[in-house]
Number of protein chains: 4
Amino acid sequence: MEEKSKKERLIQAAIKLFAQQGYHNTTVAEIADEAGVAKGTVYWYFSSKEELFWGIIVSGAELVNNKLAKEAEQNNKTAVEKIEAIIRLHISYFKKGKNIVKMTQECSASPGENFYKEIQQLRKVAINSVAKIIKEGQENGELVADIQAKELANFILGAIGGAYNPSIYELEDVEETTDLILKIIFKGIKV
Amino acid sequence: MEEKSKKERLIQAAIKLFAQQGYHNTTVAEIADEAGVAKGTVYWYFSSKEELFWGIIVSGAELVNNKLAKEAEQNNKTAVEKIEAIIRLHISYFKKGKNIVKMTQECSASPGENFYKEIQQLRKVAINSVAKIIKEGQENGELVADIQAKELANFILGAIGGAYNPSIYELEDVEETTDLILKIIFKGIKV
Amino acid sequence: MEEKSKKERLIQAAIKLFAQQGYHNTTVAEIADEAGVAKGTVYWYFSSKEELFWGIIVSGAELVNNKLAKEAEQNNKTAVEKIEAIIRLHISYFKKGKNIVKMTQECSASPGENFYKEIQQLRKVAINSVAKIIKEGQENGELVADIQAKELANFILGAIGGAYNPSIYELEDVEETTDLILKIIFKGIKV
Amino acid sequence: MEEKSKKERLIQAAIKLFAQQGYHNTTVAEIADEAGVAKGTVYWYFSSKEELFWGIIVSGAELVNNKLAKEAEQNNKTAVEKIEAIIRLHISYFKKGKNIVKMTQECSASPGENFYKEIQQLRKVAINSVAKIIKEGQENGELVADIQAKELANFILGAIGGAYNPSIYELEDVEETTDLILKIIFKGIKV
DNA sequence: CATGAATGAGGCTTCATTCAT
DNA sequence: CATGAATGAAGCCTCATTCAT
């Protein structure tokens, strides 16, 4: 009796290999091998290589997006607190789901793929959640008002992704990154 | 007599198609077609599809890195001014070289490719230039001192790239993006 | 249900076409066609065109080399008998494996190919077996002693290959060739 | 002013490279490079790669064949002397024209090429010359009569080629090879 | 459910040959 | 005579996907 279902093993194998080697440099055969199943079996659980890849991305992105939406709807928090929560949320997700994050980054940077347009859709949803928080903060005077909420939301999410560059520094201590981002976004770097 | 050399036409065709369709979804045949030359001609000027792609990336990255390095060596500017110049430099490069930027982003997010490690090297060079400026600013009291220079450099470059997400908003007016970034990085968003 | 496995059919097709047209003038597509399988199937069974070619050569050469080695180790035969056996062995192999012999000849005469050095290795093994027999014959006075054993071995094997030139005379009656070689090698042609 | 004509330089370059790398692994560009001329120039002197290759083979083969024919027509020599002369002729040719010999061997073992049939024709001419000598020797009682002259001629020429295996022993001292062949062919190896 | 042999479209690359200069 | 940029046919190989068992 195996510990995990074949489907689960396939997903785990896919995450590992896609993150390591990228979408195009990972073959269905390799994934099946890594999961310990036959190549044909992949097609019983997933209709295509693309669906397998995209399914993983979506599961991760929706997880984050749902938490983002919930955060935006909180009533007993200031906007600053919510933004801080959002940043912590992302960083902790990056920490746990390093491989899926890498996949998502590749996904976001691969024009010409079917999933390229779809990932942008997901990004827009995230931006909307954050923008909502920002607008509140601007309306109640917590945040500076001379910035477009959506653009700021885009900046914050982009900065998080940009700062978390797992390939450069192998940041094991991502807590530091969190603090860095919070500090800059809230206080700037000028004395 | 044609206006541009075949080599130049090939490069332009490659930039256009790689940016639009991604590296793997663009065939050498398409590039040749777009450039109006025979397939074999590509190999007269470039030793492989990869070299063609990577050559374009490098030309762009070195351009920016050289300017970055020069900026870091300026003597008659404050650190803040230098950082502002760097941000303007990037944004103006993004504006002109939209397609090459897209290619670079794909390149940076494609593990398993030969150029993946090389692009990281280029990124490190850029980070070093920016970190040098930051250190100066911290030493002369312009910038807050409780942040690691290299991490901050990584954040700034990452934030620029993250904020400039041409696929989301088709930001024609990138000047706004510049101002946004400057404002946040220097002053933060809290009132 | 087909009579032979696809792998076997591929090998037979390859032998036929390689012998007829040579290595470089035979395409993988032709071999697949001749075998009645798809082009891709070739690569399910063989890792490359070269491996397919070389595998056939080796199977034949090892067959002969093994018999040669066994012959060399016989105790109840004179050297002359052994040499006769060796010649008969080759000629009967040539008779049956005409096509593989042709392939081997091409292989041996194609510098610059990866298998060129390897076939020489196989040839050396064969020479050693024959030289061993010759030395015995020289030691016990059966054979003339003023000839280097290895050179003589090389001559004998070379003469067999040279005499058996299937492209010149389409010798169906190879028995005659056997007798010819035996006569000359043992007794010479002078009255 | 260059020492040799371009045509001559091309031929020498071709001989060197064809012998070293084989016909299919040598490109026209390499030959032009080695000769220090432009690729297009090759086609001013030779109509095709094949013609360049074949021209070299023929020049060598005809040289030998002419000498062979002359030898056959000598009146003041015994058959044995003529055969000895033939063998010496070949070995000395092998010594001088190592590279052309290699090319000829490849040529003879490359079915599917246009020159494959032509080289057989040349071989037949050589055999006829030798067979003529043998017949004379058999008629005047010098040589054993129970062997077909043509088959013996084929054997002798084949044995010479087989014995002279430049790739195995790097025989610098080809004189020894000559003696070996003479000894065996005339006297055999049995005591 | 699972397998893995089989498929075939399509990609990258090589290279003999041509031809305008 | 000579050049070398340009061509395009053709080859080897990969791999997502299918399907009979």
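Below, read A as the first sequence line, B as the second, and so on, with proteins coming before strands; counting in each chain starts at 1. The figures that follow rest on heavy atoms only: side chains count, while hydrogens, waters and symmetry mates do not.
- For Q12(D), the side-chain contact (heavy atoms from CB on, under 4.5 Å) partners are K4(D), E8(D), I15(D), not counting sequence neighbours.
- Residues forming a side-chain contact (heavy atoms from CB on, under 4.5 Å) with A32(B) (at least two apart in sequence, or on another chain): V37(B), V42(B).
- Partners of A29(A) by side-chain contact (heavy atoms from CB on, under 4.5 Å), not counting sequence neighbours, listed by chain and number: T27(A), K39(A).
- In this structure, Y43(C) does not reach the dT14(F) phosphate: none of its side-chain N or O atoms is under 4.0 Å from OP1 or OP2.
- In this structure, the side-chain contact (heavy atoms from CB on, under 4.5 Å) partners of S48(D), at least two apart in sequence or on a different chain, are E50(D), E51(D).
- In this structure E113(A) satisfies the side-chain hydrogen bond (donor to acceptor under 3.5 Å, both in side chains) test together with H24(A), N25(B), sequence neighbours excluded.
- F46(D) places its CZ atom 15 Å from the C1' atom of dC1(F), with the value rounded to the nearest Å.
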Identify all pairs in which a protein N or O lies below 3.5 Å from an N or O of nucleotides 7-9 of chain F, and state each distance.
from	atom 1	to	atom 2	distance (Å)
dT7(F)	OP2	A38(B)	N	3.0
dT7(F)	OP2	T41(B)	OG1	2.2
dG8(F)	N7	G40(B)	N	3.3

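- Residues passing the ring pair (Phe, Tyr, Trp, His ring centres under 6.0 Å) test with Y43(D): none are found, sequence neighbours excluded.
- Per the geometry, CG belonging to D33(D) stands 10 Å off P belonging to dG4(F), to the nearest Å.
- At whole-Å resolution of the value, NZ in K7(C) and P in dT7(E) are 16 Å apart.
- Atom NZ in K49(A) sits about 15 Å away from atom P in dT14(F), given to the nearest Å.
- Straight-line distance from the CD1 atom of I31(C) to the P atom of dG11(F): 12 Å, rounded to whole Å.
- Under the rule for a side-chain hydrogen bond (donor to acceptor under 3.5 Å, both in side chains), the partners of T26(D) that lie at least two apart in sequence or sit in another chain are Q21(D).
- Classification of the F53(B)-F18(B) ring pair by plane angle, with boundaries at 30° and 60°, yields perpendicular.
- Under the side-chain hydrogen bond (donor to acceptor under 3.5 Å, both in side chains) criterion, K16(D) pairs with E34(D), sequence neighbours left out.
- Not counting sequence neighbours, Q20(C) has no partner by the side-chain hydrogen bond (donor to acceptor under 3.5 Å, both in side chains) test.
- Of the residues in residues 15-30 of chain B, those lying under 4.0 Å from DNA chain E by heavy-atom distance are T26(B), T27(B), V28(B).
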Seminar exercise, completed: Annotated structure of DNA chain F as dot-bracket, pair cut-off 3.5 Å, Watson-Crick or G-U only, | for inter-strand, is .||||||||||||||||||||

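- With rounding to whole Å, Y45(D) atom OH is found 18 Å from dT17(E) atom C1'.
- Distance CD (E50(C)) to C1' (dG11(F)): 15 Å, rounded to an integer number of Å.
- Whole-Å rounding puts the L10(D) CG to dA2(F) C1' distance at 12 Å.
- Panel note: side chain K49(A), backbone Y23(A); a donor-acceptor pair is recorded below 3.5 Å.
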